[in-house]
Colleague: 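This is the structure, below, for whatever I ask next.
Both backbone and side-chain heavy atoms feed into the values below; hydrogens, waters and symmetry mates do not. First the proteins, then the strands, lettered A, B, ... as listed; each starts at 1.
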Amino acid sequence: MSDTNRAELVLYNTLSRGKNAFQPIDPNRITMYVCGPTVYNRVHIGNARPVVVFDTLYRVLQSLYPTVIYARNITDIDDKIMATAAELGEDISTFSERYAQAYFEDMAALNNLEPTITPYATKHIPEMISMTSLLIAKGHAYESDGHVLFAVQSMENYGQLSGRSLDDMLAGARVEVAEYKRYAGDFVLWKPSSDEEPGWDSPWGRGRPGWHLECSVMAEKHLGKTIDIHAGGQDLIFPHHENEIAQSCCAHDGKPMANVWMHNGFINIDGEKMSKSLGNFRMVKDLLDHYPGEVLRFVILSAHYRSEQSFSAELLDSAWRSLDSLYGYLRSSKRALPIVNKSGVGYKALLDDLNTPMAVSELHRLAKQMHSAVGAEQQSLSSELLGLAELMGLLQRDPEDWFTLARGVGDISKQDIEMLIAKRQQAKGDKDYSGADQIRQSLLDQGVVLEDSRAGTQWRRS
RNA sequence: GGCGCGGUAGCAAAGUGGUAAUGCUGUGGACUGCAACUCCGCCAUCGUCGGUUCGAUUCCGACCCGCGCCUCCA
């Protein structure tokens, strides 16, 4: 019988359209695959949302199970990559590797842990060719005019994830049907490459893989035929994940590709989806020039991952102030070792389909309580606070650094600040308050706020 | 046209069949030489209209508004 007090992970599954208790295939080896980027550009903050969200899930899973294998791919062969590299006259692999590295940097700046495995599409061409052959052999794919296409009608329940029938999909289709397709909904597994285009030899001639194939192949190779969790952005539900399911499921005689499918909502700018095509995106890199990565992460975790999320400079500033408040409490108390309180409100909130907004509110509650507590109680609250924060990848920095590290090249130095504080102290001692205030104002003008207390004067950059 | 999501205070954002967490902002006060920090307090009846119910923001229905997907897209 189930113990109602026992912490249980509950996740929303796009496939079942509801929250279900998470049932691992093998509790000793949890497998999770998150769709990574196609590397042809710097990523925007919307691309960062799934990474932050599922990084948090990864941490939560690690708190529950001994081993979690987390794979996040790099798609480094794609028409957009080819086009952009060609424009720049750059070698495609040099080009894509550059953006893969940029992606790693951006994601690391947001405190994301590295996945266990980062598979590259171009390192799995032979496996993609064999899955394609297998699908042809099983009657789920056909060759046509140098292309290999997946025949969606050959699959019993194609469209299950996105909840639509083939008829519905084609009714509103806004794409012209390529001549080589037997059926409008069929999608490409393999396509021919011209001599100038990158390509690999295959039974169907020199060519390259279609978009969805790499994920099916890499998930199988590194995680298994059926994995625990497969995740990504909402826009991947159709066609990307639907087609991954079709490929994997048909290649594996009906075995499900993943038990749980999770999808995060979009980030909106002025009520509209942020996207590359709308041109209203905010690059992570550019934001990092103005805000600490932790602020970006905090904003993302302030909303529930399945909701749409607003994004603005005002929100970033507000998030920064919230973090200041949290770090402020941390700064004024002795730091304890992080310990996850598994019966705490925050942890339970995370187990409930990653209710990070509630966990964040618990962070504030714990910090406040810690601040007014003393001795052992304070230490225990500090542990719980830091433990919960660690699960979300937050509050990991030294509070002193958070407030005092220079933020830009022109910032006044720590030495100068402390020298001026000493001078002001002297003025105060001499009851020269206008002199003291002058110094304080001058520091404030340089972005430094002073906080007097009995113990002395503390400062922070604002 | 098909499928789906959402409308909660100035800005964000949770949540619940019994009159609504949390953060930022604003505001009153304490503390302070003055500030800052901190502390105490204040600021919403949950899109509209009906229905179910002893009672609905929470369930059901209609409507209005906004948004997303339908093979570029996290």
Colleague: Quick one: is A/Y183 getting a side-chain N or O under 4.0 Å of the B/U71 phosphate, OP1 or OP2?
Modeller: no
Colleague: Rounding to the closest angstrom, what is the interatomic distance between B/G6 and B/A62 at atom P?
Modeller: 16 Å
Colleague: Between B/G23 and B/C63, how far is it from one C1' atom to the other, in whole Å?
Modeller: 35 Å
Colleague: If you pin A/S312 and A/R365 to their nearest nucleotides in RNA chain B, which one's is more 5'?
Modeller: A/S312
Colleague: Quick one: do A/E105 and A/K285 satisfy salt bridge (charged side-chain N to carboxylate O under 4.0 Å, His left out)? Show the steps, please.
Modeller: CA-CA 9 Å; A/E105 274 167 33; A/K285 175 77 175 113; over 6 Å; no
Colleague: Touch check for A/I45, heavy atoms < 4.0 angstrom, all strands: base, sugar-phosphate only, or nothing?
Modeller: nothing
Colleague: Could you list the donor-acceptor pairs under 3.5 angstrom formed by side chains in residues 314-324 of chain A, with sequence neighbours left out?
Modeller:
from: A/D317; atom 1: OD1; to: A/Y291; atom 2: OH; distance (Å): 3.2
from: A/S322; atom 1: OG; to: A/S318; atom 2: O; distance (Å): 3.1
from: A/D324; atom 1: OD1; to: A/W402; atom 2: NE1; distance (Å): 2.8

Colleague: Return the value, rounded to whole Å, for the distance between atom NZ of A/K273 and atom C1' of B/G66.
Modeller: 16 Å
Colleague: I'd like the C1' distance from B/C69 over to B/G10, given in whole Å.
Modeller: 33 Å
Colleague: In whole angstrom, what separates A/L354's CG from B/A14's C1'?
Modeller: 14 Å
Colleague: Can you say whether the rings of A/F187 and A/F150 are parallel (under 30°), tilted (30 to 60°) or perpendicular (over 60°)?
Modeller: parallel
Colleague: In residues 455-462 of chain A, what residues come within less than 4.0 Å of RNA chain B, judged by heavy atoms?
Modeller: A/R460
Colleague: Please confirm whether A/R72 makes a cation-pi placement over A/Y33, using NZ or CZ under 6.0 Å from the six-membered ring centre and within 45° of the ring normal.
Modeller: no
Colleague: Taking the C1' atom in each of B/C64 and B/C49, what is the distance between them to the nearest angstrom?
Modeller: 10 Å
Colleague: Using a 4.0 Å heavy-atom cut-off across all strands, classify A/S275 as base, sugar-phosphate, or nothing.
Modeller: base
Colleague: Taking any heavy-atom pair under 4.0 Å as a contact, classify A/G328: base, sugar-phosphate, or nothing.
Modeller: nothing
Colleague: Mind checking salt bridge (Lys or Arg N to Asp or Glu O under 4.0 Å) for A/K80 and listing every partner two or more places apart, or none if nothing turns up?
Modeller: A/D78
Colleague: With a distance cut-off below 6.0 Å to the six-membered ring centre and an angular limit of 45° from the axis, does A/R282 pair with A/F311 as a cation-pi contact?
Modeller: no
Colleague: Using a cut-off of 4.0 Å on non-hydrogen atoms, how would the nucleic acid contact of A/K428 be classed: base, sugar-phosphate, or nothing?
Modeller: base
Colleague: Residues two or more places apart in sequence or in another chain: which of them pass side-chain contact (heavy atoms from CB on, under 4.5 Å) with A/S216?
Modeller: A/M131, A/E244, A/Q247, A/S248, A/M257
Colleague: Taking B/G18 as the reference, what is the distance to B/C31 when you measure between their P atoms (whole Å, please)?
Modeller: 42 Å
Colleague: Below 4.0 angstrom from OP1 or OP2 of B/C39, is there any side-chain N or O of A/K368?
Modeller: no
Colleague: Using the salt bridge (Lys or Arg N to Asp or Glu O under 4.0 Å) criterion, which residues pair with A/D79? Sequence neighbours excluded.
Modeller: A/K191, A/R208
Colleague: Output all residues satisfying salt bridge (Lys or Arg N to Asp or Glu O under 4.0 Å) with A/R59, sequence neighbours left out; order by chain, then residue number.
Modeller: A/D55
Colleague: Once you round it to whole Å, what is the distance between P of B/C73 and CG of A/N268?
Modeller: 19 Å
Colleague: Got a donor-acceptor contact below 3.5 angstrom from the A/T116 side chain to the A/Y70 backbone?
Modeller: yes
Colleague: Which residues within residues 233-243 of chain A lie with some heavy atom under 4.0 Å of an atom in RNA chain B?
Modeller: A/G233, A/D235, A/L236, A/F238, A/P239
Colleague: Distance check needed: B/A14 P versus A/L350 CG, whole Å only.
Modeller: 14 Å
Colleague: Would you say the side chain of A/F95 lies within less than 4.5 Å of the side chain of A/Y40, judging by non-hydrogen atoms?
Modeller: yes
Colleague: Taking atom CD as the centre, does A/Q438 end up with more than 12 heavy-atom neighbours from other residues, nucleotides or ligands that are less than 6.0 angstrom away?
Modeller: no
Colleague: What contact category does A/H263 fall into here, base, sugar-phosphate, or nothing, at under 4.0 angstrom with non-hydrogen atoms?
Modeller: nothing
Colleague: Pick the P atom in B/G15 and in B/G50, then give their distance to the nearest Å.
Modeller: 29 Å
Colleague: Between A/H263 and A/H241, is the gap from one ring center to the other below 6.0 Å?
Modeller: yes
Colleague: Cationic tip of A/K273 within the cone over A/F266's six-membered ring, i.e. under 6.0 Å and within 45° of the normal?
Modeller: yes
Colleague: Mind checking if A/G265 touches a base, just sugar-phosphate, or nothing, with heavy atoms under 4.0 Å?
Modeller: base
Colleague: Can you tell me how far P in B/U19 sits from the matching atom in B/U58, rounded to whole Å?
Modeller: 14 Å
Colleague: Is a donor from one side chain sitting under 3.5 angstrom from an acceptor on the other, for A/D411 and A/S413?
Modeller: no
Colleague: Quote, to the nearest angstrom, the C1' distance that separates B/G41 from B/C73.
Modeller: 49 Å
Colleague: Rounded to the nearest 0.5 Å, what separation is found between the CD1 atom of A/I245 and the CG atom of A/L15?
Modeller: 6.0 Å
Colleague: Short question: side chain of A/D352, backbone of A/L9 - any donor-acceptor pair under 3.5 Å?
Modeller: no
Colleague: Rounded off to whole Å, could you give me the CG-to-C1' distance for the A/L388 and B/U22 pair?
Modeller: 13 Å
Colleague: For nucleotides 24-32 of chain B, tabulate all protein N/O to nucleotide N/O atom pairs closer than 3.5 Å, reporting atom names and distance.
Modeller:
from: B/C24; atom 1: O2'; to: A/R321; atom 2: NH1; distance (Å): 2.5

Colleague: Take A/Y433 and A/N355, find for each the nucleotide of RNA chain B with the closest heavy atom, and name the residue whose nucleotide sits nearer the 5' end.
Modeller: A/N355
Colleague: Taking the side chain of A/N264 as its heavy atoms from C-beta onward, which of B/G68, B/A74, B/U38 lies nearest to it?
Modeller: B/A74
Colleague: What nucleotide among B/A14, B/C69, B/A74 has an atom nearest to a side-chain atom of A/F266?
Modeller: B/A74
Colleague: Does OP1 or OP2 of B/G33 have a side-chain N or O of A/S434 closer than 4.0 Å?
Modeller: no
Colleague: Go through the structure and list residues passing salt bridge (Lys or Arg N to Asp or Glu O under 4.0 Å) with A/E390, not counting sequence neighbours.
Modeller: none
Colleague: Can you list every pair that meets side chain to side chain donor-acceptor pair (under 3.5 Å) and has a residue in residues 149-159 of chain A, with sequence neighbours left out?
Modeller: A/H140-A/S154, A/Y158-A/N243
Colleague: Given pairs defined as Watson-Crick or G-U wobble with both distances under 3.5 Å, what dot-bracket annotation applies to RNA chain B, with ( ) intrastrand, [ ] crossing, | other strand and . unpaired?
Modeller: (((((((..(((.....[...))).(((((.......)))))....(((((..]....))))))))))))....
Colleague: In whole angstrom, what separates A/R297's CZ from B/G23's P?
Modeller: 21 Å
Colleague: A/L395 has an atom CG; how far is it from atom P of B/G23, in whole Å?
Modeller: 14 Å
Colleague: Over all strands shown, is A/S307 touching base, sugar-phosphate only, or nothing at heavy-atom distances under 4.0 angstrom?
Modeller: sugar-phosphate
Colleague: Got a sec? Which of residues 436-445 of chain A come in under 4.0 Å of RNA chain B, heavy atoms?
Modeller: A/D437, A/R440
Colleague: Please report, rounded to the nearest Å, how far the P atom of B/C11 is from the CD atom of A/E308.
Modeller: 17 Å
